[in-house]
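Protein chains get the first letters and strands the later ones, always in sequence-line order, with residue 1 at the start of each.
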Amino acid sequence: MPTSVPFFDRVKQSIPFLLCLLLILLGQTPHTFLLSVPFIFVFIFYFAIFNAALLNGFACFALGILTDLIMQTPFGLNTFLFVLLFFTANLNRLFLSALSFDKLWQVFALMMLPLFLVHFFLFTLCAATVISPAFLIGHYLILILAYPLVIQLCGRLDNWIGDQS
Amino acid sequence: MESRQFRLKRLKTQIKLFFPLVLLLIAVFLIVLGQVNPPLLQKIRGTAARTAAPVVSVLSAPVRWLEEAVAGGRFFLMTYTENKRLRAENESLQNWRNIALHMGTEYRELKSLLNYIPPKKSVAYTARILADNGGRFNRSVMIQGGLSAGIRPGFVAMSSRGLVGRVVESGQYYSRLMLLTDYLSRLPVTVGEDRTLCMLTGDNSDEPQLTSLPEEHHIAVGDVVMTSGHVGLYPAGLGVGVVSRIDNGEIRIALFENNPNLTFVRLVDFGLSDVLLSDSDWAEK
């Protein structure tokens, strides 16, 4: 069955994208503040640095559009942020991939800060309303604290897909 | 031949170089497009949300079970205290019942004297909340039941405590409900005993604020807020909340129904959906 191998490889390679999609959908489940935290940023950050073949710029763009469509946020808002994060991390991947784990964590925390601010200002501009900063700060802190766990998952997933391929 | 290959290679490199910029520019264009909000985009958004609803419903099942289990356990632990409280409440309600019966008779008699025309009978449905569309920035939820169940935009969503919001979009099997706290929600209300007319404006916070106030008013903390019936999106006299605080002229309202864990809502058709019809719909009618 020589034709089936590339197909399964492709399925495996699309797992990060599908997982991100699952995260978006999980964020929609009612009464779960924790699941609405945008862990997808960690996924994009990891794959932009370590394996952009599994989650490239186009995939981030598509994920952004899907997020905006499903979450009913101002159209293009998440698309812009995902693409911005991806290319910022991807263009600096040589420098970032050489960093130790804790340094990378700090860089992620630093990168998320302006990104959340851009999110806040763009949303305010698009929706003409100011959202609660406490909500955003809560999301930011949880995202930074959960970083080691999510990045572990990304690393294991990346290794597993690499081994399988 | 070589120069062609070289040119192609150079072109590829240039595309690679500008690719991030192009994607970012497209994203910016999408933001602008989103602000124009053409009908096609609205349709796509509606379809996407409705397509995601069944998946989210399945994904949220474990959360729902957990919630029910916790609620069951809590209920079991609270039974004794709850029973005591209910007995006391029952006694007080018996007194109220007698008063209500007396007032009911009086009301019917007065109505017959005035030749009163009663309002149209409302139809109600109960729907489960499936997905929290809001996520980080909006306050809207996806509910089970759409056009096939007779649920249409304009239906008013209520809970046992008070007003929740209204249906703004209906698909075949799912509908989207805009909560009173959403930043797009505007509700004409009356406040207090002198019925000051103003607007309840959502801003994604738990406590929406009162806007469009008259220059002189006597609104105080504790005043009850009710729908005014203006514009026609909501009938008059539905309980909304109470004035919770007044800071530097900013008046905030504590909604009667502000439970973030609301699982079911009652959708009531007060016959006001016609208000939402577009010009073409009216022409068709």
Side-chain angles (χ1 to χ4, degrees), chain A residues 21-38 56-58 60-62 64-84 86-88 90-91 116 119-120 122-136 138-139, chain B residues 19-24 26-37 41 44-49 51-53 55-64 67 128-138 140-142 169 176 178 182-184 201-206 259-263:
Chain A
L21 196 63
L22 185 74
L23 276 176
I24 297 168
L25 290 168
L26 276 174
Q28 295 284 294
T29 49
H31 323 151
T32 46
F33 175 78
L34 204 62
L35 289 175
S36 68
V37 177
N56 57 24
F58 267 129
C60 293
F61 185 80
I65 287 186
L66 284 169
T67 311
D68 289 329
L69 285 175
I70 295 170
M71 286 180 64
Q72 310 283 320
T73 41
F75 198 55
L77 181 70
N78 282 301
T79 319
F80 180 77
L81 293 171
F82 290 178
V83 171
L84 187 67
F86 178 83
F87 286 117
T88 315
N90 189 248
L91 292 172
F116 266 68
H119 206 168
F120 176 77
L122 271 180
F123 183 84
T124 309
L125 203 71
C126 294
T129 186
V130 181
I131 47 153
S132 152
F135 196 66
L136 270 186
H139 268 180
Chain B
F19 175 64
L21 197 68
V22 171
L23 276 188
L24 278 174
I26 296 173
V28 172
F29 170 72
L30 289 179
I31 294 176
V32 178
L33 186 77
Q35 290 307 292
V36 180
N37 207 6
L41 184 65
I44 294 172
R45 294 189 84 138
T47 313
T51 313
V55 185
V56 176
S57 172
V58 173
L59 289 175
S60 59
V63 180
R64 226 161 41 219
E67 263 178 1
R128 180 187 277 278
I129 293 175
L130 286 181
D132 188 353
N133 278 146
R136 278 159 280 172
F137 299 105
N138 295 6
S140 64
V141 290
M142 189 64 78
E169 215 176 304
R176 193 161 71 84
M178 185 200 280
D182 190 277
Y183 74 98
L184 289 174
T201 307
D203 57 358
N204 286 353
S205 69
D206 289 338
N259 177 9
N261 299 333
L262 200 64
T263 319

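The line from CG of A:N78 to CG of B:L30 is 12.0 Å long, rounded to the nearest 0.5 Å. Atom-to-atom distance recorded for B:L24:CG and A:F82:CZ is 13.5 Å, nearest 0.5 angstrom. A distance of 7.5 Å separates CD of B:Q35 from CG of A:L125, quoted to the nearest 0.5 Å.
For A:F61 and B:F19, the gap between ring centers reaches or exceeds 6.0 Å.
For A:F80, the parts lying near chain B are the backbone and the side chain together; criterion is any non-hydrogen pair under 4.5 Å. Contacts of A:F58 with chain B are made by both backbone and side-chain atoms, with heavy-atom separations under 4.5 Å. Residue contact with chain B, scored on non-hydrogen atoms closer than 4.5 Å, involves the side chain of A:L122 exclusively.
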Stepwise side-chain contact (heavy atoms from CB on, under 4.5 Å) test for B:L23 and A:F87 | CA-CA 10 Å; B:L23 276 188; A:F87 286 117; 3.8 Å; yes
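For A:L69, the side-chain contact (heavy atoms from CB on, under 4.5 Å) criterion is met by A:I65, A:F75, B:I44, B:R45, B:A48, not counting sequence neighbours.
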